[in-house]
Amino acid sequence: MEKLSGGDMLIRALADEGVEYLFGYPGGAALHIYDAVFRQKRVQHILVRHEQAATHAADGYARSTGKVGTVLVTSGPGATNAITGIATAYMDSIPMVVISGQVASDKIGEDAFQETDMVGVSRPIVKHSFLVKHAKDIPEIVKKAFYIASTGRPGPVVIDIPKDITNPVDKFEYSYPDKVKIRSYTPAAKGHTGQIKKAVQLLLGARRPIIYAGGGVVQGNASNQLTEIAKLLNFPVTNTLMGLGAFPGTDKQFLGMLGMHGTVEANTAMHHADVIFAVGARFDDRVTNTPSKFCPSAKIIHIDIDPASISKTVTADVPIVGPVEGVLDEMLELVKATKERPDASAIASWWKQIDEWRDRYSIIDTPRYDTGGMIKPQEVVRMVHEVTGGDAYVCSDVGQHQMFSAQYYQFDKPRRWINSGGLGTMGFGLPAAMGVQIAHRDANVVCITGEGSIQMCIQELSTCTQYHLPVKIICINNQALGMVRQWQDMQYESRYSESLYEDSLPDFVKLMEAYGHVGMKVTRREELKSKLEECFAMKDKTVFMDIYVDPNEHVYPMQVAPNGSMRDMWLSKSERT
């Protein structure tokens, strides 16, 4: 049997697991591992400029492919710099394995140079963590880590490896396991058939139904099944921020996103529904508003792979624990096997009501913003959709531009909308876009950002230079922390405490040119389309479009009513539902 050092074992195990790319940044405690990276060709390392970017890039890679993102960092500050990205992945259930170097075993606990208890620090934001104590255990630990990260409710796993464990002098027999079984970890393999039958009967008897689909549909690869059920039953569909693309965004049965910045028709339909079919969603606070007033007349079917998510916030009448793909497959079989269908006249009446709301409030069919004066951020997103044919991978940072992107870029496919939903991480967009571009070399990859968010990880422009990543960066520049300022307008009498940049913003065009990229500044509406077309025509260039928009534009609709229900929304600065 072949003998390898701990460092070589680790990289060989990653290769045997099928890892294509390793996003990371070297340092002392990880140098034996990095030497092993150098001496092989199967796993390609992507050198970022900050460890936070390594985790976000691996995250973007994972979201867009469904594979596990893999990260390698050193001990101490290298490991702690990765924490924000680990938390981002944890909140959004993204499969990731983060390997951190650690000081030598005999130095642990002595406050050695660059020592941090990575297992302890990361414990609240990982599915599981390992501290490697013997080199011979590395293959099995790697196998377990990838299994845990990718099964059940996905999430990040940390492997912390002391430097002496990777010593090239010490060699051990290497064998990578074909499979692994963990007695204490048994995610549900299928849903309860009895509960699935109950759910189907409830759906067939519904008169005002709605399908509420979240990120679990995307992560669970169940978009086709969800779409087929919706079409078969002629039910309206709404998606969460994380679920966009799970059902085609341009389809007439799609009501748009729901929640704090969701459409009026989606939120109002949810409020008046008699049956809510929740699939891979977790009823978070950005959806429910006040839980006690959430959808008062509705019976709720809730499918989720994570039993802890069911009835956590809102009680489910028919809970189903299981993988969404398998559960929906079983439901489809039952629906197709019966001649029974929902009452056609009731469903028609329900659609008539929904269409009345849509005719009155739609932000897509009847844009609710002024088209005079300065460029509006909504226009920018709609034009990006038009120029890319609605077929780009869109990564966003966090803020107003994120919400405008979710509202106005109509995603027809899953895994095309890449954003930090649960943690709301500014700086996520550019490194995530790098990970997506590495996974999809010939695709249009767009980072929609703001002049605040982009500066959080702007050093990654250098990574784009090194690896020739033609990401298109669309900066919706309103010269302020837009979402902070919006709240300050609405609740703090326009007292802009630390939300304005004064005159401190850089010349983004010159900055891009310094990195060897292309920069474009847009200030006039009449040049917006032509400049965007020019941008996307440069297939082999990283392009930064600095687009100046109306700084006073707010994101609407918006739920902000204290103790309100889903349907209580602001439509503009002066109009409410």
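A quick note: this is a predicted structure, and the numbers were derived from the prediction, not measured. Position 1 is the first residue of the sequence; numbering continues from there. All values below come from the heavy atoms of this structure, side chains included, with hydrogens, waters and symmetry mates left out.
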Next item on the list: Start with the C-alpha distance between His32 and Tyr34, add both sets of side-chain angles, then the distance that settles ring-ring contact (aromatic ring centres under 6.0 Å, His included), and finish with yes or no.
Entry: CA-CA 5 Å; His32 294 329; Tyr34 269 90; over 10 Å; no

Next item on the list: Would you sort out whether Ser497 and Gln488 count as a side chain to side chain donor-acceptor pair (under 3.5 Å), showing the intermediate values?
Entry: CA-CA 8 Å; Ser497 177; Gln488 288 171 338; 4.9 Å; no

Checklist line | From CA spacing to verdict: side chain to side chain contact (heavy atoms under 4.5 Å, CB included), Phe404, Val555 | finding: CA-CA 7 Å; Phe404 286 129; Val555 184; 3.6 Å; yes

Checklist line | Test side chain to side chain contact (heavy atoms under 4.5 Å, CB included) applied to Phe113 and Ser75, step by step | finding: CA-CA 9 Å; Phe113 177 65; Ser75 65; over 6 Å; no

Notebook entry, point to check: Where do Met257 and Thr240 land on the side chain to side chain contact (heavy atoms under 4.5 Å, CB included) test, with the steps shown first?
Noted result: CA-CA 6 Å; Met257 181 176 71; Thr240 66; 6.0 Å; no

Next item on the list: Apply salt bridge (Lys or Arg N to Asp or Glu O under 4.0 Å) to Lys539 and Asp442, showing your working.
Entry: CA-CA 8 Å; Lys539 299 295 184 184; Asp442 297 325; over 6 Å; no

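A pairwise comparison of heavy atoms in Asn419 and Gln402 identifies OD1-NE2, 2.6 Å as the closest pair. The two residues Arg441 and Leu469 have their closest heavy-atom pair at NH1-CD2, 3.3 Å. Summarising the geometry of Pro248 relative to Asp412, their closest heavy-atom pair is C-OD1, 3.5 Å, with the distance given to 0.1 Å. In terms of heavy atoms, Pro431 sits closest to Cys457 at CD-CB, 4.1 Å. Of all heavy-atom pairs spanning Phe130 and Val119, the tightest one is O-CG2, 4.1 Å. Scanning all heavy atoms of the two residues, the minimum distance from Ala213 to Leu226 falls at CB-CD2, 3.8 Å.
Proximity of Met9 to Phe172: side-chain heavy atoms (C-beta onward) are separated by under 4.5 Å at one or more points. Using a 4.5 Å cut-off on side-chain heavy atoms (C-beta onward), Lys144 and Lys181 make no contact. Looking only at side-chain heavy atoms (C-beta outward), Val384 and Tyr408 stay at 4.5 Å or farther from each other. Put simply, the side chain of His401 does not reach to within 4.5 Å of the side chain of Pro377, judged on heavy atoms. Side-chain contact between Ile99 and Val71 is absent, with no heavy atoms from C-beta onward closer than 4.5 Å. Taking 4.5 Å as the limit, every side-chain heavy atom of Asn477 sits out of range of all side-chain heavy atoms of Ile547. Counting heavy atoms from C-beta on, the side chains of Thr449 and Ile474 never come closer than 4.5 Å. Between Lys472 and Cys447, every side-chain heavy-atom pair lies at or beyond the 4.5 Å cut-off.
Of the charged side-chain nitrogens involved, at least one lies within less than 4.0 Å of a carboxylate oxygen, so that Glu17 and Lys143 count as a salt-bridged pair. Note on Lys133 versus Asp137: no salt bridge recorded, every NZ/NE/NH1/NH2 to OD/OE distance being 4.0 Å or above. A salt bridge links Asp16 with Arg42: the closest approach of a Lys/Arg side-chain nitrogen to an acidic carboxylate oxygen falls below 4.0 angstrom.
A cation-pi arrangement is present between Arg12 and Tyr174 under the rule of less than 6.0 angstrom and at most 45 degrees off the ring axis. Geometrically, Arg416 does not engage Phe411 in a cation-pi contact defined by less than 6.0 Å to the ring centre and at most 45° from the axis.
Summarising the geometry, atom CZ belonging to Arg49 is positioned 9.0 Å from atom CD belonging to Gln459; distances are rounded to the nearest 0.5 Å. Rounding to the nearest 0.5 angstrom, the gap separating the OG1 atom in Thr80 from the CG atom in Asp117 is 12.0 Å. The structure places CG of Asp284 at 9.0 Å from CG of Leu241, a figure rounded to the nearest 0.5 Å. Between the CG atom of Asp35 and the OG atom of Ser5 there is a distance of 8.5 Å, given to the nearest 0.5 Å. Rounding to the nearest 0.5 Å places CG of Leu423 at 6.0 Å from CE of Met91.
Between the side chains of Tyr61 and Glu20, a donor-acceptor pair is found at a separation under 3.5 Å. Side-chain contact check for Arg415 and Ser223: no donor-acceptor pair (N or O, by modelled atom type) lies under 3.5 Å. With 3.5 Å as the limit, one finds a donor-acceptor pair spanning the side chains of Lys127 and Tyr185. Counting only N and O atoms by type, the side chains of His440 and Ser64 include a donor and acceptor under 3.5 Å apart. At a cut-off of 3.5 Å, with distance as the only test, no side-chain donor of Thr388 or Asp391 sits close to an acceptor on the other residue. For Arg282 and Ser309, the side-chain atoms include no donor-acceptor pair closer than 3.5 Å. For Gln466 and Thr463, the side-chain atoms include no donor-acceptor pair closer than 3.5 Å. Side-chain contact annotation: Gln400 with Gln486, donor-acceptor N/O pair under 3.5 Å present.
Ring to ring, Phe23 and His56 are not that close: their centroids are 6.0 angstrom or more apart. Taking the centre of each ring, Phe283 and Tyr212 come in below the 6.0 Å mark.
Few gaps surround OH on Tyr501; more than 12 heavy atoms of other groups in view lie less than 6.0 Å from it. Within 6.0 Å of the CG atom in Asp106, the count of heavy atoms belonging to other residues, nucleotides or ligands exceeds 12. Counting heavy-atom neighbours within 6.0 Å of Glu140 CD, excluding the residue itself, gives a total of 12 or less. Other residues, nucleotides and ligands contribute only 12 or fewer heavy atoms inside 6.0 Å of the CZ atom of Arg286.
With hydrogens and angles disregarded, no donor-acceptor distance shorter than 3.5 Å links the side chain of Gln410 to the backbone of Gly390. Between the side chain of Asp304 and the main chain of Ile310, no donor-acceptor pair closer than 3.5 Å is present. With hydrogens and angles ignored, the 3.5 Å screen pairs a side-chain donor or acceptor of Asn81 with a backbone N or O of Pro77. A donor-acceptor pair is defined here as one N or O able to donate and one able to accept, closer than 3.5 Å; no such pair exists between the side chain of Gln40 and the backbone of Ala36. The main-chain N or O of Lys107 is never found under 3.5 Å from a side-chain atom of Glu110 such that the two would form a donor-acceptor pair. With Thr65 contributing its side chain and Lys67 its backbone, the two residues share a donor-acceptor pair below 3.5 Å. For Asp397 (side chain) and Phe428 (main-chain N/O), a donor-acceptor pair under 3.5 Å exists by modelled atom type. Not one N or O on the side chain of Gln437 forms a donor-acceptor pair closer than 3.5 Å with the backbone of Ala433.
Screening Val68, Thr88, Asp59 for a side-chain contact (heavy atoms from CB on, under 4.5 Å) involving Ile94 leaves a single residue, Asp59. Of the listed residues (Gln52, Met456, Glu51), just one forms a side-chain contact (heavy atoms from CB on, under 4.5 Å) with Thr84, and that residue is Gln52. Screening Thr74, Val73, Leu47 for a side-chain contact (heavy atoms from CB on, under 4.5 Å) involving Pro26 leaves a single residue, Leu47.
Note: His385 and Tyr409 have perpendicular aromatic rings, judged against thresholds of 30 and 60 degrees for the angle between ring planes.
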